[in-house]
Amino acid sequence: MNIRIQIIIGVIVIFALCIIVNMIREKKLELRYALAWLGVGIAILVLDCFPQVITWLAIKVGIASPINMLFFLGFCLYLRWQYRVHLLE
């Protein structure tokens with residue numbers, strides 16, 4: 001990945017995390033939703049800084065492409081969220 005793209009993504013993610021923290025501080029965002037957003041933001045920031053982590057994880061799991069690993073992780077997080085929402089309501 002181009003270093004310029006990594007820097008741009010990193011700046012955008014840090015900006016988004018600052019907005020989320022500010023929304024928590026002003027009580028505009030519930031903490032249970034904010035924790036999920038903060039977790040996803042930090043995970044994206046780590047994967048942006050260290051793209052070889054997703055490649056290593058994809059190889060260990062047996063997935064051919066790192067982008068497919070990202071889609072798989074997103075799908076798993078979505079299923080977990082859906083399960084939790086339906087379980088609590």
Side-chain angles (χ1 to χ4, degrees):
M1 183 184 305
N2 189 353
I3 190 71
R4 182 182 295 168
I5 294 173
Q6 282 182 296
I7 292 171
I8 291 170
I9 291 172
V11 168
I12 291 171
V13 169
I14 290 172
F15 182 70
L17 289 172
C18 289
I19 290 173
I20 292 169
V21 169
N22 192 31
M23 290 176 72
I24 295 170
R25 194 174 50 84
E26 294 175 355
K27 299 189 187 304
K28 292 182 179 177
L29 185 63
E30 289 185 36
L31 190 58
R32 65 180 177 174
Y33 299 120
L35 290 176
W37 281 110
L38 288 172
V40 168
I42 291 170
I44 290 173
L45 192 59
V46 167
L47 292 177
D48 179 50
C49 293
F50 307 106
Q52 63 271 17
V53 171
I54 196 70
T55 304
W56 175 82
L57 189 59
I59 290 170
K60 289 294 181 186
V61 175
I63 297 176
S65 174
I67 192 70
N68 290 341
M69 185 68 195
L70 284 175
F71 285 127
F72 176 70
L73 289 175
F75 179 72
C76 289
L77 286 174
Y78 176 74
L79 283 179
R80 182 185 174 278
W81 177 73
Q82 282 292 325
Y83 178 73
R84 186 171 178 211
V85 165
H86 290 295
L87 186 67
L88 294 176
E89 290 180 2

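Leu35 meets the side chain to side chain contact (heavy atoms under 4.5 Å, CB included) test with Leu31; sequence neighbours excluded. For Val11, the side chain to side chain contact (heavy atoms under 4.5 Å, CB included) partners are Ile7, not counting sequence neighbours.
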Can you give each donor-acceptor pair under 3.5 Å made by side-chain atoms of residues 17-30, sequence neighbours left out, with the distance rounded to 0.1 Å?
residue	atom	partner	partner atom	Å
Asn22	OD1	Arg25	NH2	2.6
Glu26	OE1	Lys28	NZ	3.3
Glu30	OE1	Arg32	NE	3.3

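Ile59 and Leu70 sit in two unconnected hydrophobic clusters of ILVMFWY residues. Membership requires side-chain heavy atoms under 4.5 Å apart, directly or through other members. Residue Ile9 is grouped with residue Ile14 when hydrophobic side chains (ILVMFWY) are merged at heavy-atom distances under 4.5 angstrom, including chains of intermediate members. Under the 4.5 Å side-chain contact rule for hydrophobic residues, Val46 and Ile12 do not share a cluster. Under a hydrophobic clustering in which Ile, Leu, Val, Met, Phe, Trp and Tyr are joined whenever their side-chain heavy atoms come within less than 4.5 Å, directly or via other members, Ile54 and Val61 fall into the same cluster.
Residues in residues 68-78 take part in these side-chain hydrogen bond (donor to acceptor under 3.5 Å, both in side chains) pairs, two or more places apart or across chains: Tyr78-Gln82.
Note: Trp37 CH2 to Ile42 CD1 = 14.0 Å, rounded to the nearest 0.5 Å. Atom CG of Leu73 sits about 7.5 Å away from atom CD1 of Ile63, to the nearest 0.5 Å. Taking CZ of Phe72 as the start and CG of Leu57 as the end, the distance is 9.5 Å to the nearest 0.5 Å. Residue Leu47 holds its CG atom at 9.5 Å from OG1 of Thr55, rounded to the nearest 0.5 Å.
With side-chain heavy atoms closer than 4.5 Å counting as contact, directly or through intermediates, the hydrophobic cluster containing Leu79 also holds Phe75.
Ser65 and Ala58 get closest at one heavy-atom pair: O-CB, 4.3 Å.
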